Amino acid sequence: TSTLFAESADKIISKGNLNEAKQAKAEETFDRLLAAHDNNDAVEFARAQQKLQSIIAGTKTNTALAVLRAGLLTSPKTHLRNTLGNSAEMALDMAADLPGSIADIVASAVTGRRALTASAVKGSWEGAKAGLADAKKVMRTGLTDTEMAKFEIHGAVDPDSIAGKYTSFIFRSMAAEDRVFKGIAYN
């Protein structure tokens with residue numbers, strides 16, 4: 001798919017439908033994209049791809065739609081629901097460990113080993129710390145270590161514009177909120 005994207009981007013750039021400033025930016029970014037592809041640098045490729053897509057497809061309609069979608073997520077109620085939903089899921093996961101612990105105690109009488117121990121609580125604490133670190137990274141860069149090779153765009157918006165900064169902040173804040181809970185669940 002990356003080669004397909006590069007080919008279609010090259011066709012769009014070579015048609016000359018962009019104004020002079022966008023044409024120069026697109027050609028420069030396309031060179032970055034090709035260099036990243038040649039160097040097998042997935043992170044730089046994703047960044048160049050996102051930038052190139054925003055230059056090529058950064059129409060007023062796409063920008064307006066991205067700002068509208070981000071606007072729907074700005075309500076404090078949305079963030080509260082997201083956090084409460086994550087908290088409820090975490091509490092239910094912990095509650096599900098209770099029957100497992102009872103079964104583990106019974107099984108340990110036969111096996112002599114425990115599978116569920118207090119280290120799970122320590123693991124949750126370590127996971128929360130890792131999740132907070134991921135949340136900070138998401139807010140700064142939009143990428144975490146596990147997402148470095150994954151490309152995702154929330155609308156074809158020039159990331160350097162006010163609309164781009166606004167939409168990035170909103171989408172990143174939602175992703176960052178989830179990172180803490182994912183850290184607890186998966187560490």
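Quantities reported herein were computed from a predicted structural model and do not represent experimental measurements. Values below: every heavy atom of this structure, side chains too, minus hydrogens, waters and symmetry copies.
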What's the shortest heavy-atom distance between [X] and [Y], and which atoms?
X: Ala48; Y: Thr29; value: O-CG2, 3.4 Å
X: Ala176; Y: Ala135; value: O-CB, 3.3 Å
X: His79; Y: Ser173; value: CE1-OG, 3.3 Å
X: Val138; Y: Ala175; value: CG1-CB, 3.9 Å
X: Arg113; Y: Ser108; value: O-CB, 3.1 Å
X: Arg172; Y: Arg140; value: NH1-O, 3.3 Å

For Glu28, what residues pass the salt bridge (charged side-chain N to carboxylate O under 4.0 Å, His left out) criterion, not counting sequence neighbours? none
Residues in salt bridge (charged side-chain N to carboxylate O under 4.0 Å, His left out) contact with Lys136, at least two apart in sequence or another chain: none
Please identify each residue that fulfils side chain to side chain donor-acceptor pair (under 3.5 Å) with Asp178, with sequence neighbours left out. Asn82, Asn86
Could you work out, with side chain to side chain donor-acceptor pair (under 3.5 Å) as the rule, every residue matching Asp31, not counting sequence neighbours? none
Spacing of CZ belonging to Arg81 relative to CD belonging to Glu177, to within rounding of 0.5 Å: 13.0 Å
Interatomic spacing from OG1 in Thr167 to CD1 in Ile170 - rounded to 0.5 Å: 8.5 Å
Look at the side chain of Ser87 and the backbone N and O of Thr83, then say whether any donor-acceptor pair between them is shorter than 3.5 Å. yes
Take atom CG in Asn40; do more than 12 heavy atoms of anything else shown fall under 6.0 Å from it? no
Under the side chain to side chain contact (heavy atoms under 4.5 Å, CB included) test, residues paired with Met90 that sit two or more places apart: Met94, Phe181, Ile184
Please give the remaining members of the hydrophobic cluster of Leu84, linking ILVMFWY side chains under 4.5 Å, ordered by chain and number. Leu80
Check the pair Met139 / Phe169 against side-chain contact (heavy atoms from CB on, under 4.5 Å), numbers first and verdict last. CA-CA 7 Å; Met139 288 305 295; Phe169 176 79; 3.3 Å; yes
